[in-house]
Amino acid sequence: MKNPLFMIAACILMGTCGLSAQEIKEKKSEITKYTVMERFEPKVMLTIEERTQLREERLAETKRRKEILDTLDISERKRQRLLQDLITEPFSNRLSRTMAEIEFEDEE
């Protein structure tokens, strides 16, 4: 016969683990003001303003591509794969090929 006290303790332990997993805080990405490369080769590195501008341009391009992918007449499975590629591999062959086909259709 199993000990009911042990079973109760195991249930409480599992419940608290599940609750603590839900308290994940989202990290905010920031551009560092100082890098090791700036210390040794300051002329090679971009300034903070240039890096911020490049980051904003990249995020705007990602947003534009996502809006384009959302409007395409393709299967949901393919759309999900392309959106995943946009997040994880922005220069994947599948995504590049799809974007090239769209650009080609716009020119006609």
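- In this structure, the salt bridge (Lys or Arg N to Asp or Glu O under 4.0 Å) partners of Glu76, at least two apart in sequence or on a different chain, are Arg79.
- Counting heavy atoms from C-beta on, the side chains of Leu69 and Lys66 never come closer than 4.5 Å.
- Every residue was checked against the side chain to side chain donor-acceptor pair (under 3.5 Å) condition with Glu67, not counting sequence neighbours, and none meets it.
- Under the rule for a salt bridge (Lys or Arg N to Asp or Glu O under 4.0 Å), Arg81 has no partner lying at least two apart in sequence or in another chain.
- Here Glu49 pairs with Thr47 under the side chain to side chain contact (heavy atoms under 4.5 Å, CB included) rule; sequence neighbours left out.
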Any chance you could lay out the side-chain contact (heavy atoms from CB on, under 4.5 Å) test for Thr52 and Arg55, step after step, and finish with the verdict? CA-CA 5 Å; Thr52 305; Arg55 182 173 185 269; 5.7 Å; no

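- When the side chain to side chain contact (heavy atoms under 4.5 Å, CB included) test is applied to Thr71, no partner is found at least two apart in sequence or on another chain.
- Atom CG of Asn93 has 12 or fewer neighbouring heavy atoms from other residues, nucleotides or ligands inside a 6.0 Å radius.
- Listed by chain and residue number, Arg64, Arg65 satisfy the salt bridge (Lys or Arg N to Asp or Glu O under 4.0 Å) test with Glu61 (two or more places apart in sequence, or in another chain).
- In this structure, NZ in Lys78 is found 9.0 Å from CZ in Arg94, a value given to the nearest 0.5 Å.
- For Arg97, there are no salt bridge (Lys or Arg N to Asp or Glu O under 4.0 Å) partners two or more places apart in sequence or in a different chain.
- Between Leu54 atom CG and Leu59 atom CG the span is 11.0 Å, to the nearest 0.5 Å.
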What do the steps show when you test Thr98 against Leu72 for side-chain contact (heavy atoms from CB on, under 4.5 Å), and what is the final call? CA-CA 10 Å; Thr98 304; Leu72 288 178; 3.9 Å; yes

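- Applying side chain to side chain contact (heavy atoms under 4.5 Å, CB included) to Met99 and the options Ile68, Leu86, Leu82 leaves one that passes, Ile68.
- Annotation: side chain to side chain donor-acceptor pair (under 3.5 Å) contacts of Ser92 (sequence neighbours excluded): Asp85.
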